[in-house]
S.K.: 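Here it is, the structure, as structure tokens.
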Amino acid sequence: MSEPNFYDLVYQVVRLIPPGRVTSYGAVANYLGTKGSARMVGYAMQACGTADPPVPAHRVVNSQGLLTGKFHFGGNRMEQMLASEGVIVINDKVQDFKKVFWDPAIELAL
DNA sequence: CCCGTGACGACAT
DNA sequence: TATGTCGCCACGG
């Protein structure tokens, strides 16, 4: 429908992230074709609260698996939500990040 | 139209 | 390996 906005496009991809999995801003940006705009992905997350249905932004972390945006969730809320889905987070860092990593450019390409 | 901002990423030192 | 700096693109004022 109509021209897909960058934000909307990001929301769509993030909503496709299965529970117990996480992805990185750069991976989403790469899938969108704007790999250089990883910051824009996070920026879009800030406005995700206005999107409907809601976006599981807590499943999106940086390349290091660090919960850089946890501060925007309200403290440990992001960490708890991830842990609730089976993602182990210690010290604001995703454990086995490599295993729980979900790359849209690969998973969706299949 | 111009400037600043930003939940990142890669490179250089 | 750790720290610092630049580049990136979209959006708001």
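To find a chain, count down the sequence lines: A is the first, B the second, and so on, and within it residues start at 1.
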S.K.: Before giving the answer on side chain to side chain contact (heavy atoms under 4.5 Å, CB included), spell out for A/V61 and A/F97 the whole-Å C-alpha distance, their side-chain angles and the decisive distance to 0.1 Å.
M.R.: CA-CA 10 Å; A/V61 297; A/F97 177 60; 3.5 Å; yes
S.K.: What integer distance in Å separates A/Q46:CD from B/dG4:P?
M.R.: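 Going from CD in A/Q46 over to P in B/dG4 covers 19 Å.
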S.K.: Base, sugar-phosphate alone, or nothing: which one does A/A44 contact when heavy atoms must sit under 4.0 Å apart?
M.R.: nothing
S.K.: Would you say a side-chain N or O of A/S63 is under 4.0 Å from OP1 or OP2 of B/dG9?
M.R.: yes
S.K.: What closest approach, in Å, do A/Y7 and A/A47 show between heavy atoms, and which atom pair accounts for it?
M.R.: CE2-CB, 3.7 Å
S.K.: Can you tell me how far C1' of C/dA10 sits from CG of A/L9, to the nearest Å?
M.R.: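 Interatomic distance, CG of A/L9 to C1' of C/dA10: 13 Å.
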S.K.: Testing A/V22, A/V60, A/L16 one by one against A/W102 for a side-chain contact (heavy atoms from CB on, under 4.5 Å), which residue passes?
M.R.: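 By the side-chain contact (heavy atoms from CB on, under 4.5 Å) criterion, A/W102 pairs with just one of A/V22, A/V60, A/L16: A/L16.
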S.K.: Can you check the A/Q64 CD to B/dA7 C1' distance for me, whole Å?
M.R.: 13 Å
S.K.: Once you apply a heavy-atom cut-off of 4.0 Å, does A/Y7 come out as touching a base, just sugar-phosphate, or nothing?
M.R.: sugar-phosphate
S.K.: How many Å lie between OH on A/Y25 and C1' on B/dA10, as a whole number?
M.R.: 17 Å
S.K.: Any chance you could measure A/L32, atom CG, to A/Q12, atom CD, to the nearest 0.5 Å?
M.R.: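 Reported value, rounded in 0.5 Å steps: 10.5 Å.
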S.K.: Without decimals, in angstroms, what is the distance between A/K35 NZ and B/dC11 P?
M.R.: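 That distance rounds to 10 Å.
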S.K.: Without decimals, in angstroms, what is the distance between A/R39 CZ and B/dC8 C1'?
M.R.: 6 Å
S.K.: Could you state the OH-P distance from A/Y43 to B/dT5, rounded to the nearest angstrom?
M.R.: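 Going from OH in A/Y43 over to P in B/dT5 covers 11 Å.
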S.K.: Measuring from the side chain of A/F6 (C-beta onward, heavy atoms only), which nucleotide among C/dC11, C/dG7, B/dA7 has the closest atom?
M.R.: C/dC11
S.K.: Starting at atom CG of A/L82, determine the distance to atom P of B/dA7, rounded to an integer number of angstrom.
M.R.: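 Answer to the nearest Å: 18 Å.
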S.K.: Ignoring backbone atoms, establish whether A/T34 has a side-chain N or O less than 4.0 Å from OP1 or OP2 of C/dA10.
M.R.: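 Checking C/dA10 against A/T34, no side-chain N or O comes under 4.0 Å of OP1 or OP2.
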